[in-house]
Amino acid sequence: MSLDEVLAEFRDAGALLEGHFILSSGLRSAVFLQKMAIFSEPPRTERLCKALAAVITARFGKVDIVVSPAIGGIVPGYETARHLEARAIFVERDPGGPFTLRRGFSIPAGQRAVIVEDIVTTGLSARECLASLQAEPGEVVGAACLIDRSGGRGEIGLPLVSLVTLDIPAYPPDALPPELAALPPVKPGSRVMTKA
Ligand SMILES: O=P(O)(O)OC[C@H]1O[C@H](OP(=O)(O)OP(=O)(O)O)[C@H](O)[C@@H]1O
Ligand SMILES: O=C(O)c1cc(=O)[nH]c(=O)[nH]1
Ligand SMILES: [Mg+2]
């Protein structure tokens with residue numbers, strides 16, 4: 001899928017939001033990609049995740065398991081796994097806690113897993129997901145996301161592929177441009193922030 005096609009899916013779904021957003025990393029941004037507007041439409045989700053599955057296969061070869069960080073990663077993880085003919089599992093957390101693999105999920109010895117995220121901003125959530133899988137016998141060979149908004153600077157500790165890479169500005173809370181500081185901030189994601 002081209003950059004324009006991916007962005008058209010987000011635009012047409014009403015997933016390109018403007019305002020003042022507190023991101024999962026604690027950074028602030030004037031742009032938020034509301035992926036749940038995409039995931040509430042199965043055909044749109046299917047088109048994007050089918051394309052992501054092709055990118056994953058081209059980069060990582062045969063994958064047995066897709067593992068995603070809850071909540072945002074669960075739907076694209078499942079749909080991408082469907083196209084990869086792989087198993088779909090996820091890590092989740094108690095509010096404020098670390099990601100954990102529960103529900104009998106595992107990465108057995110000899111199996112190749114890929115982390116599938118919805119959006120990568122700093123790579124923090126994908127890194128935390130990877131850290132939660134260290135004791136698993138199988139191998140985590142890479143990571144993938146629909147949109148990498150880090151400009152390619154997100155650090156995961158794994159090779160990362162995406163449908164598109166964007167460079168969307170994000171700021172520490174004490175370094176906001178005046179037009180952003182003038183707007184009331186909202187925090188859309190599920191991570192519990194100890195300080196905002
Ligand atoms: O690369 P990062 O800086 O970690 O930012 C991206 C992460 O932020 C969002 O998750 P969030 O923690 O907001 O919760 P959600 O998955 O429930 O939306 C998104 O789903 C990614 O997981
Ligand atoms: O960094 C984030 O928390 C984030 C950014 C974004 O555009 N969309 C999203 O769901 N999370
Ligand atoms: Mg998330």
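As the structure is a computational prediction, the values presented were derived from the model and not from experiment. Order of appearance sets the numbers: ligands from 1, and atoms from 1 within every ligand.
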For the residue pair Asp148 and Ser150, confirm or rule out a side-chain donor-acceptor distance under 3.5 Å. yes
Donor-acceptor side-chain pairing of Arg149 and Ser29 below 3.5 angstrom: yes
Would you check if the side chain of Glu18 reaches a backbone N or O of Val31 as a donor-acceptor pair within less than 3.5 Å? no
Nearest atoms (heavy-atom pairs only) where [X] meets [Y]:
X: Glu79; Y: Thr45; answer: CG-O, 3.9 Å
X: Ala15; Y: Ile38; answer: CB-CG1, 4.1 Å
X: Ala70; Y: Ser190; answer: O-OG, 4.4 Å
X: Gly72; Y: Phe39; answer: O-CE1, 3.5 Å

Could you go through ligand 1 and note, for every N or O atom, any protein N or O atom closer than 3.5 angstrom, writing the atom names and distance to 0.1 Å, or 'none'?
from	atom 1	to	atom 2	distance (Å)
ligand 1	1 (O)	Thr121	N	2.9
ligand 1	1 (O)	Thr122	N	3.0
ligand 1	1 (O)	Gly123	N	2.8
ligand 1	3 (O)	Thr122	N	3.0
ligand 1	3 (O)	Thr122	OG1	2.6
ligand 1	4 (O)	Ser125	N	2.8
ligand 1	4 (O)	Ser125	OG	2.6
ligand 1	12 (O)	Ser24	OG	2.7
ligand 1	14 (O)	Ser190	N	3.1
ligand 1	14 (O)	Ser190	OG	3.3
ligand 1	16 (O)	Ile71	N	3.3
ligand 1	16 (O)	Gly72	N	2.8
ligand 1	17 (O)	Ile71	N	3.4
ligand 1	17 (O)	Ser190	N	3.4
ligand 1	17 (O)	Ser190	OG	2.5
ligand 1	18 (O)	Lys35	NZ	2.8
ligand 1	20 (O)	Lys35	NZ	2.8
ligand 1	20 (O)	Asp118	OD1	2.8
ligand 1	20 (O)	Asp118	OD2	2.8
ligand 1	22 (O)	Glu117	OE1	3.0
ligand 1	22 (O)	Glu117	OE2	2.5

What residues come within 4.0 Å of ligand 2, counting heavy atoms only? Leu23, Ser24, Phe32, Leu33, Lys35, Ile119, Thr121, Arg149
For residues 164-186, please give each side-chain donor-acceptor pair under 3.5 Å, one per line with the distance, not counting sequence neighbours.
from	atom 1	to	atom 2	distance (Å)
Thr165	OG1	Ser162	OG	3.3
Asp167	OD1	Arg153	NH2	2.9
Asp167	OD2	Arg153	NH1	3.2

Name all residues meeting the side chain to side chain contact (heavy atoms under 4.5 Å, CB included) criterion together with Ser40; count only those two or more places apart in sequence or in a different chain, and write none if there are none. none
